[in-house]
Amino acid sequence: MRYSSFFIPSLKEDPKEAVLKSHKLLLRAGYVRQLSGGIYTYLPLGLKSLRKLEDIIRQEMNSEGAVELSMPFVQPLDLWKESGRDEDYGKELLRFKDRQDRDFCLAPTYEEVVTDLVKKNVKSYKELPLTLYQIHLKFRDEMRPRFGLMRAKEFIMKDAYSFDADEEGLDESYKKMKRAYENIFKRLGFDFKFIKAEAGEIGGNYSEELMVFSEYGEDRIVICKDCGYAASIDEADSASDCHGPLERFYAQQSEQSCRQPKMTKLFTPDKKSVEEVAEYLKVDKACFAKTLIYETESGFIAAMVKGNREINERKLKKAAGVKNLFLAKEQDVERITGAPCGFAGPFGLNGLNLIVIDEEINNSEYWITGANEKDAHMANVKPGRDFTPNIVADIRSVQAGDKCARCSGVLTVKNAIELGHIFKLGEKYSSILNAKFLDEKGEARFFVMGCYGIGVGRTLQTLIEVFSDDNGINLPVSVSPFSMAVVSLNANDEKITDVSEKIYGDLTAMGIDVIYDDRKLSAGIKLKDIDLIGIPFKIVVGNRTIKDNKYELNIKESGITETFGDLESLYKRAGELLKNPRV
RNA sequence: CGGGAUGUGGCGCAGUUGGUAGCGCACCUGCUUUGGGAGCAGGGGGUCGCACGUUCAAAUCGUGUCAUCCCGACCA
């Protein structure tokens with residue numbers, strides 16, 4: 001492909017709307033353009049890369065026996081009413097009417113359509129198992145699309161759906177898909193891990209998320225290197241500290257009164273945050289139990305964790321059995337505690353429904369808390385004696401350095417991006433939509449289903465996030481838009497042009513997908529552009545080539561330039577690099 | 001949907017106490033250049049997001065609205 005006849009609107013400067021490195025590069029390198037919030041055009045370069053990524057996914061899906069099809073992006077709302085997800089999806093489901101005034105929606109996912117399809121066309125257990133997949137658009141009217149393709153409203157997904165006669169069959173189909181995912185992400189060169197997603201979903205569903213580790217991931221993952229435990233920060237637990245520092249201190253005292261210390265008020269003028277009070281009293285933050293007042297749909301609740309910890313609001317929601325949760329407004333806190341913000345403690349609270357404490361708080365006897373009084377804190381506060389917790393649960397966020405609850409290894413916390421999600425659905429959709437087949441005994445049974453997604457656009461952007469540097473995109477050859485670039489440094493020079501044309505023609509004849517920069521621009525611009533758009537190998541033809549009769553092949557990943565005395569050895573090397581790319 | 005920020009030529013930005021818009025890059029023409037975002041000369045392009053208002057006069061002040069981005073809530 002000649003650069004001059006292709007379409008690569010590259011940008012010299014960072015676009016102001018992008019904040020993520022990969023988002024900036026997608027725009028700068030001319031891979032995508034935003035049309036509207038969360039809605040993107042794939043430009044020719046981005047599309048080429050996307051197609052190569054899709055092909056890798058296809059190969060691995062096909063080799064596990066999945067069959068590709070394509071379902072409609074526009075779907076009748078009736079089907080969604082039938083499954084009940086019309087309401088579940090709420091505003092994320094974009095609805096509209098056709099000219100007949102019938103209701104339609106843009107597909108946010110395809111369980112309904114695929115279940116309906118199989119229901120109408122698969123009648124016997126002999127046709128099972130069956131796994132269908134597609135790679136195409138989904139639309140979710142996200143509240144806040146962001147970070148380019150990472151969270152878009154319209155996005156490309158690979159989604160697969162397995163149909164089996166029973167649970168054992170489902171397990172087998174699920175295993176195959178998991179294996180396909182492992183192969184796909186290994187081929188892409190990612191550092192990834194499957195983690196169990198939220199357990200105890202309706203109907204005993206089981207699902208795992210495929211997480212790729214990246215500094216800029218939106219999700220946080222807790223990992224134990226020793227036993228391999230991995231879970232999302234909202235699910236992960238850690239071994240709880242059995243004793244607080246104060247308790248250890250008092251246990252060492254000989255006086256009985258010291259071992260059973262009473263609540264004692266401390267004067268803490270203007271010291272509100274745990275940091276401030278800890279510094280003022282010269283004690284460790286771990287001696288504190290902080291009390292936070294939350295507002296929920298069923299009234300106000302108090303939650304307590306150790307002073308050196310953060311509350312995990314998802315865990316708290318689950319523990320308290322509420323759906324909505326947010327920190328109470330200042331005036332509510334003052335009304336409930338009778339003190340300004342920063343001095344809340346767990347006793348004498350007005351109009352409070354519930355006190356939820358972290359299990360670590362319950363594990364120890366003596367805490368420093370707020371006194372519910374301006375400029376005062378309370379020491380030696382004992383759960384059960386000085387206040388009554390209603391619920392004791394794990395409501396703290398795991399922190400790096402915590403001990404693993406399983407093997408007592410040290411936990412680390414890493415950022416990650418969710419690129420895939422595999423799910424055992426069971427009979428959830430087949431039963432709702434009454435999708436049945438006949439088993440060996442001639443009895444009608446519901447299909448046992450699984451579903452398996454990969455965010456394809458998001459994967460492309462993650463590849464760029466991981467494989468790029470300051471000079472531009474550094475994609476592996478398996479997904480780079482072109483395999484090789486030929487750059488003519490002076491398109492006005494006849495000799496240089498002749499050599500460039502010849503190399504371009506020869507490589508193309510070898511079946512190599514080459515971009516040939518034949519533009520009549522200055523050398524610097526062309527070299528910068530080629531680096532930016534992410535071509536792994538480039539052959540530079542300039543004066544040096546003509547003068548010294550030396551052909552240069554540059555490998556982008558390593559920065560190494562190899563030189564060759566004749567074209568045959570250049571081509572041989574090019575062929576080798578593409579056959580066994582290190583990248 | 002709450003909080004914050006920004007909207008001025010294709011891109012990135014400046015524009016003072018209100019006086020009718022400018023810079024860099026890009027673009028077009030010509031010449032010279034061509035191994036890491038070239039030089040000289042000439043040129044085109046903006047009803048300053050939109051609407052209403054204040055004013056003799058609005059990019060500038062006020063109100064509203066829309067769009068984009070960030071934080072939060074949300075996310076098979």
Side-chain angles (χ1 to χ4, degrees), chain A residues 9-20 23-24 27-28 30 33-39 83 85 88-93 107-112 138 140-148 150-153 155 157 159-161 197-198 201-202 205 207-209 218-219 232 234 295 313-314 317 323-327 329 417-418 420-425 428-429 449-455 458 471-472 487-493 496-497 517 519-532 538-548 550 552 554 559 561 563:
Chain A
S10 65
L11 304 172
K12 192 167 169 180
E13 292 175 85
D14 281 339
K16 65 171 174 181
E17 70 264 27
V19 51
L20 226 54
H23 187 193
K24 289 176 182 170
L27 294 164
R28 283 192 54 209
R33 281 293 181 273
Q34 177 169 300
L35 176 64
S36 166
I39 298 177
S83 74
R85 289 212 290 178
D88 295 350
Y89 253 94
K91 285 189 171 177
E92 296 225 330
L93 186 67
T109 182
Y110 290 79
E111 281 83 8
E112 279 77 1
K138 288 187 175 181
R140 289 179 196 169
D141 199 355
E142 292 282 348
M143 288 178 185
R144 180 146 98 91
R146 63 187 130 167
F147 304 139
M150 286 299 187
R151 167 150 283 118
K153 289 168 115 175
F155 56 102
M157 265 221 156
D159 49 334
Y161 305 89
E198 188 121 338
E201 277 279 305
I202 313 149
N205 284 340
S207 83
E208 291 170 280
E209 290 167 332
E218 286 187 84
D219 299 302
S232 116
D234 294 324
E295 188 173 348
E313 296 189 352
R314 290 215 182 192
K317 275 185 199 173
K323 270 190 176 166
N324 300 304
L325 185 80
F326 49 94
L327 279 172
K329 293 180 202 81
I417 302 167
E418 179 191 346
H421 199 157
I422 56 178
F423 218 98
K424 290 183 184 177
L425 294 171
K428 186 171 172 181
Y429 295 96
M449 295 172 55
C451 76
Y452 318 89
I454 293 176
R458 185 185 274 197
N471 291 323
V487 183
S488 146
L489 288 187
N490 187 351
N492 292 318
D493 184 303
I496 291 174
T497 303
D517 195 345
R519 293 176 300 168
K520 294 181 175 177
L521 295 174
S522 72
I525 294 178
K526 296 164 82 167
L527 292 168
K528 287 279 185 195
D529 265 341
I530 285 296
D531 285 345
L532 176 63
K538 68 169 178 276
I539 293 167
V540 176
V541 183
N543 276 329
R544 294 209 297 247
T545 317
I546 307 301
K547 210 170 63 193
D548 309 336
K550 272 186 181 163
E552 294 171 31
N554 175 270
T561 299
T563 56

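Sequence lines set the chain letters: A, B, ... in the order given, protein chains first and strands last, and positions in each chain run from 1. Source: prediction; values computed, not measured. Any value given below was found using the heavy atoms of this structure, including those in side chains, with hydrogens, waters and symmetry copies removed.
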> If only atom types and distance count, is the side chain of A/Tyr161 paired as donor or acceptor with the main-chain N or O of A/Tyr110 below 3.5 Å?
Replying inline: yes

> Picking from B/G35, B/A73, B/G37, which would you name as closest to the side chain of A/Lys528?
Replying inline: B/G37

>> Rounding to an integer number of angstrom, what distance separates B/G7 and B/G49 when you compare their P atoms?
In response: 8 Å

>> Without decimals, in angstroms, what is the distance between A/Leu325 CG and B/A73 C1'?
In response: 11 Å

> For A/Gly542, which contact category applies under a 4.0 Å heavy-atom criterion: base, sugar-phosphate, or nothing?
Replying inline: base

> How long is the line joining NZ of A/Lys24 and P of B/C70, in whole Å?
Replying inline: 11 Å

> A/Asp529 has an atom CG; how far is it from atom C1' of B/G36, in whole Å?
Replying inline: 12 Å

> Side chain of A/Leu527: nearest nucleotide among B/G36, B/A38, B/A73?
Replying inline: B/G36

> Base, sugar-phosphate, or nothing: which does A/Ser522 touch, judged by heavy atoms less than 4.0 Å apart?
Replying inline: base

>> Within the 4.0 Å heavy-atom criterion, would you say A/Glu13 contacts the bases, only the backbone, or no part of the nucleic acid?
In response: base

>> Nearest to the side chain of A/Glu17, heavy atoms from C-beta on, is which of B/G36, B/C69, B/C13?
In response: B/C69

> Heavy atoms under 4.0 Å, any strand shown: does A/Gln34 hit a base, just sugar-phosphate, or nothing?
Replying inline: sugar-phosphate

> Atom CZ of A/Arg144 to atom C1' of B/C70: distance rounded to whole Å?
Replying inline: 6 Å

> For RNA chain B, what is the dot-bracket line, given that a base pair needs Watson-Crick (N1 to N3, plus N6-O4 or O6-N4) or G-U wobble (N1-O2 and O6-N3) geometry with both distances under 3.5 Å, and | means paired with another strand?
Replying inline: (((((((..((((.....[..)))).((((((.....)))))).....(((((..]....))))))))))))....

> A/Arg314 side chain: which of B/C75, B/U6, B/C70 is closest?
Replying inline: B/C75

>> Run A/Lys526 and A/Arg519 through side chain to side chain contact (heavy atoms under 4.5 Å, CB included) and show every step you take.
In response: CA-CA 8 Å; A/Lys526 296 164 82 167; A/Arg519 293 176 300 168; 4.0 Å; yes

> Please give, in whole Å, the distance from B/U68 C1' to A/His23 NE2?
Replying inline: 11 Å

> What does A/Lys526 touch in the nucleic acid at a heavy-atom separation under 4.0 angstrom: a base, only the sugar-phosphate, or nothing?
Replying inline: nothing

> Of all the nucleotides listed (B/G12, B/C74, B/C75), which has the minimum atom distance to the side chain of A/Met143?
Replying inline: B/C74

>> Under 4.0 Å, heavy atoms only, any strand: does A/Asp531 hit a base, just the sugar-phosphate, or nothing?
In response: base

>> OP1 or OP2 of B/C74 versus the side-chain N and O atoms of A/Lys317: is any pair under 4.0 Å?
In response: yes

>> Work out how far the C1' atom of B/A59 is from that of B/U16, and round it to whole angstrom.
In response: 13 Å

>> Whether A/Asp517 and A/Lys538 form a salt bridge (side-chain N of Lys/Arg under 4.0 Å from carboxylate O of Asp/Glu) is what I want to check.
In response: no

> Which sits closer to the 5' end of RNA chain B, A/Val541 or A/Arg458, going by the nucleotide each is nearest to?
Replying inline: A/Val541

> Starting at the 5' end of RNA chain B and moving along, which residue's nearest nucleotide shows up first, A/Glu218 or A/Lys520?
Replying inline: A/Lys520

> Side chain of A/Arg85, backbone of A/Glu112: donor and acceptor closer than 3.5 Å?
Replying inline: no

> Just by modelled atom types, is the A/Pro145 backbone N or O under 3.5 Å from a matching donor or acceptor in the A/Arg151 side chain?
Replying inline: no

> Counting N and O atoms only, with roles assigned by atom type, does the side chain of A/Arg28 sit under 3.5 Å from a partner on the main chain of A/Leu11, one being a donor and the other an acceptor?
Replying inline: yes

> Side chain of A/Arg458, backbone of A/Ala152: donor and acceptor closer than 3.5 Å?
Replying inline: no

>> How many whole angstroms separate atom CG of A/Leu27 from atom P of B/C69?
In response: 10 Å

> Expressed in whole Å, how much space separates the P atoms belonging to B/U60 and B/G53?
Replying inline: 14 Å

> What integer distance in Å separates A/Phe326:CZ from B/C74:C1'?
Replying inline: 14 Å

> How far, in whole Å, is B/A14 from B/G36 if one measures between their P atoms?
Replying inline: 32 Å

> Quantified in whole Å, what is the P atom distance between nucleotide B/G9 and nucleotide B/A21?
Replying inline: 15 Å

> Would A/Lys428 and A/Glu111 satisfy salt bridge (charged side-chain N to carboxylate O under 4.0 Å, His left out), going step by step from the backbone distance to the final call?
Replying inline: CA-CA 10 Å; A/Lys428 186 171 172 181; A/Glu111 281 83 8; over 6 Å; no

> Which nucleotide, B/C75, B/G36, B/U68, lies nearest any side-chain atom of A/Lys538?
Replying inline: B/G36

> Do A/Thr545 side-chain and B/G35 base share a donor-acceptor contact under 3.5 Å?
Replying inline: yes

>> Give me the distance, rounded to whole Å, that separates B/C11 from B/C50 when you measure between the P atoms they each carry.
In response: 15 Å

>> Quick one: does any side-chain atom of A/Lys550 pair with a main-chain N or O of A/Arg544 as donor and acceptor, under 3.5 Å?
In response: no

> How long is the line joining CZ of A/Phe147 and P of B/C69, in whole Å?
Replying inline: 11 Å

>> Distance check, C1' atoms only: B/U54 and B/A58, in whole angstrom units.
In response: 10 Å

> Taking the same atom, C1', in B/G46 and in B/C13, what whole-Å distance lies between them?
Replying inline: 14 Å

>> Measuring only between side-chain heavy atoms, which start at C-beta, is A/Leu489 closer than 4.5 Å to A/Val540?
In response: yes

> What is the nucleic acid contact for A/Arg28, judged by heavy atoms within less than 4.0 Å: base, sugar-phosphate only, or nothing?
Replying inline: base

> Contact class for A/Val19 vs. all strands (heavy atom < 4.0 Å): base, sugar-phosphate, or nothing?
Replying inline: sugar-phosphate

